[in-house]
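Per chain, numbering begins at 1; letters A, B, ... match sequence-line order. All values below come from the heavy atoms of this structure, side chains included, with hydrogens, waters and symmetry mates left out. Keep in mind it's a predicted model, so treat the numbers as computed, not measured.
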There are 2 protein chains.
Amino acid sequence: MDQARKASAPVTRVEKKQATRQQLIAATIEVIAADGFADMTLAKVSQRARVSRGLVNFHFTSKEQLLVETLRSLTEEYRDAWRKAVAKPKTARDKLLALLRADFSPKVCNRKKIAVWYAFWGEAKSRPTYLDVCAPADAAFADMVERLCGEVAEEGGYPIDAALAARGLRCMTDGLWLELHMTPQSFRRDVAMRTCLQYLAAIFPKHFLGSEFDHLTAAALETEAEA
Amino acid sequence: MDQARKASAPVTRVEKKQATRQQLIAATIEVIAADGFADMTLAKVSQRARVSRGLVNFHFTSKEQLLVETLRSLTEEYRDAWRKAVAKPKTARDKLLALLRADFSPKVCNRKKIAVWYAFWGEAKSRPTYLDVCAPADAAFADMVERLCGEVAEEGGYPIDAALAARGLRCMTDGLWLELHMTPQSFRRDVAMRTCLQYLAAIFPKHFLGSEFDHLTAAALETEAEA
DNA sequence: AAGATTTGGCTGAACGTTCGTTCAATAGAC
DNA sequence: GTCTATTGAACGAACGTTCAGCCAAATCTT
């Protein structure tokens with residue numbers, strides 16, 4: 001039954017439906033990144049997705065739900081990224097490094113998606129639905145960072161508060177995302193990584209004080225695929 | 001000519017005009033904090049400011065300019081706050097501490113105003129006018145933090161990159177603001193302060209490793225005047 | 001000093017536009 | 001032939017903006 005189908009060309013109806021649905025979400029991300037949350041319009045979304053004006057209300061019950069599903073898509077992509085990153089390494093130290101690398105990887109950390117994240121965050125207080133979508137994932141991420149910092153702290157016997165250290169690291173990465181959003185010309189991935197690494201090296205010197213800095217100027221971090 | 005006038009009751013026409021202008025900006029902040037940027041409406045603003053519907057277009061040429069002036073007001077208030085904080089202490093160490101205390105003071109760091117900040121940041125990419133308003137002030141703040149970190153680093157002869165340390169501190173405070181915005185129930189001023197202080201103590205141990213932590217649990221930090 | 005006149009902040013209704021949503025008609029996959 | 005994803009026109013609501021009129025403060029006149 002299951003023939004060999006490429007992901008590029010959906011043939012069955014349910015596949016096609018799911019494809020256009022994803023297409024609409026992708027178009028929503030592009031429109032928000034380009035025009036902002038307030039000027040995001042279903043007409044613009046349908047135009048960018050190359051579909052008719054009324055199709056959005058067929059796939060999504062309302063504009064609001066399209067936005068919720070867009071945020072859900074972003075949240076899941078981010079969660080999958082850091083879960084995959086943290087799965088490979090063995091030690092807590094290397095897991096933390098992988099987490100940072102994932103946080104600044106071009107797939108999740110590019111101007112377009114950061115703009116959409118901040119657009120949603122800007123509306124978060126007035127629309128609790130958005131919080132319901134991403135809060136569990138954010139809490140899971142915070143737990144993971146705190147657990148890893150706790151392990152490293154225990155290993156090294158550092159006289160610091162691991163919860164505070166984890167909070168500081170999370171907030172620092174969020175702030176670095178903000179720098180990419182507001183002053184992209186002054187943002188560089190390797191600088192962002194080194195900023196976090198200097199912090200980690202200061203609180204966990206035995207684990208992070210080393211030649212790690214040299215690796216991160218490598219060209220691998222500089223490839224900026226804004227797709 | 002100049003009679004003794006209280007600031008509470010403007011009598012002359014120009015005073016009254018300036019007062020209602022400020023009233024409209026204050027109402028704008030409240031509406032954005034309550035309903036979000038996308039649902040902010042001139043009707044809501046005029047209703048909250050207790051003025052008629054068409055008055056906004058008398059004081060401001062358009063809705064867009066009302067928003068720009070609101071952001072300008074917010075930016076100047078924040079700039080004045082950290083300038084005043086940094087003026088009193090003598091040493092770079094104490095100036096940094098005062099900067100942090102100002103950053104988390106209830107006057108600038110409360111749910112309402114943080115929500116408005118993030119609302120504007122969410123629209124920053126698509127409306128460069130907003131960036132023009134706050135970019136100079138942000139740059140001045142960044143310069144100040146970097147200068148102070150540089151002084152402390154030189155004093156202590158710490159083997160770290162002062163620019164990276166300053167960037168890390170700025171991003172950490174921005175991220176802590178985001179925490180207040182997204183998960184206000186898990187935010188506490190003293191915890192935010194301690195998060196930053198643990199960072200400073202780690203990179204500048206001779207300057208910030210001390211009994212500073214105890215002070216910050218004082219009730220003075222806990223007074224949350226969300227006005 | 002007091003009335004007369006001008007000035008300017010302020011009102012609220014009206015207008016034109018834009019947006020989200022609905023729905024009958026259509027075309028292509030099953 | 002049936003079902004369903006898709007179209008595009010149409011509708012109603014909501015929004016930003018405009019404007020003629022109003023009233024009190026400021027200025028001028030006597």
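- Counting heavy atoms from C-beta on, the side chains of A:Asp39 and A:Lys44 come closer than 4.5 Å.
- For the pair B:Thr75 and B:Trp117, the minimum side-chain heavy-atom distance is below 4.5 Å.
- Here B:Tyr78 and B:Trp177 bring their ring centres to under 6.0 angstrom of each other.
- The aromatic rings of A:Tyr118 and A:Trp121 sit perpendicular to each other, their planes meeting at more than 60°, with 30° as the lower class boundary.
- For the contact set between residues 22-38 of chain B and DNA chain D, defined by any heavy atom under 4.0 Å, there are no members.
- Near DNA chain C, meaning a heavy atom under 4.0 Å away, the residues from residues 53-62 of chain B are B:Gly54, B:Leu55, B:Phe58, B:His59.
- Just one residue in the list B:Arg72, B:Lys113, B:Arg83, B:Lys84 forms a salt bridge (charged side-chain N to carboxylate O under 4.0 Å, His left out) with B:Glu77, and that residue is B:Lys113.
- First and last contacts of DNA chain D with chain A, using any nucleotide atom under 4.0 Å from a protein heavy atom and ordered 5' to 3', fall at D:dC3 to D:dG8.
- Atom NZ of B:Lys17 and atom P of C:dG8 are 9 Å apart (whole Å).
- Classification of A:Lys90 and A:Asp94 as a salt-bridged pair fails, no side-chain N sitting under 4.0 Å from a carboxylate O.
- Per the geometry, CG belonging to A:Leu42 stands 12 Å off P belonging to C:dT22, to the nearest Å.
- Along DNA chain D, the nucleotide nearest to A:Thr20 and the one nearest to B:Lys63 differ in position, and the one closer to the 5' end is contacted by A:Thr20.
- Separation of the B:Phe37 and A:Phe37 ring centroids does not fall under the 6.0 Å cut-off.
- Residues satisfying the side-chain hydrogen bond (donor to acceptor under 3.5 Å, both in side chains) criterion with A:Arg127, sequence neighbours excluded, are A:Glu64, A:Glu123, A:Tyr130.
- Between A:Val31 and A:Thr41 the shortest side-chain heavy-atom distance does not fall below 4.5 Å.
- Legend: residues meeting salt bridge (charged side-chain N to carboxylate O under 4.0 Å, His left out) with A:Arg170, ordered by chain and number and at least two apart, are absent.
- You'll find the side chain of B:Asp103 stays beyond 4.5 Å of the side chain of B:Val108, heavy atoms only.
- Contact of the A:Leu100 side chain with the A:Leu200 side chain is registered, since non-hydrogen atoms from C-beta on lie closer than 4.5 Å.
- For A:Asp39 and C:dC19, the CG to P distance is 8 Å, given to the nearest whole Å.
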Could you list the protein-to-nucleotides 1-4 of chain C atom pairs, N/O on both sides, closer than 3.5 Å?
none

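- Between A:Leu71 and A:Thr129 the shortest side-chain heavy-atom distance does not fall below 4.5 Å.
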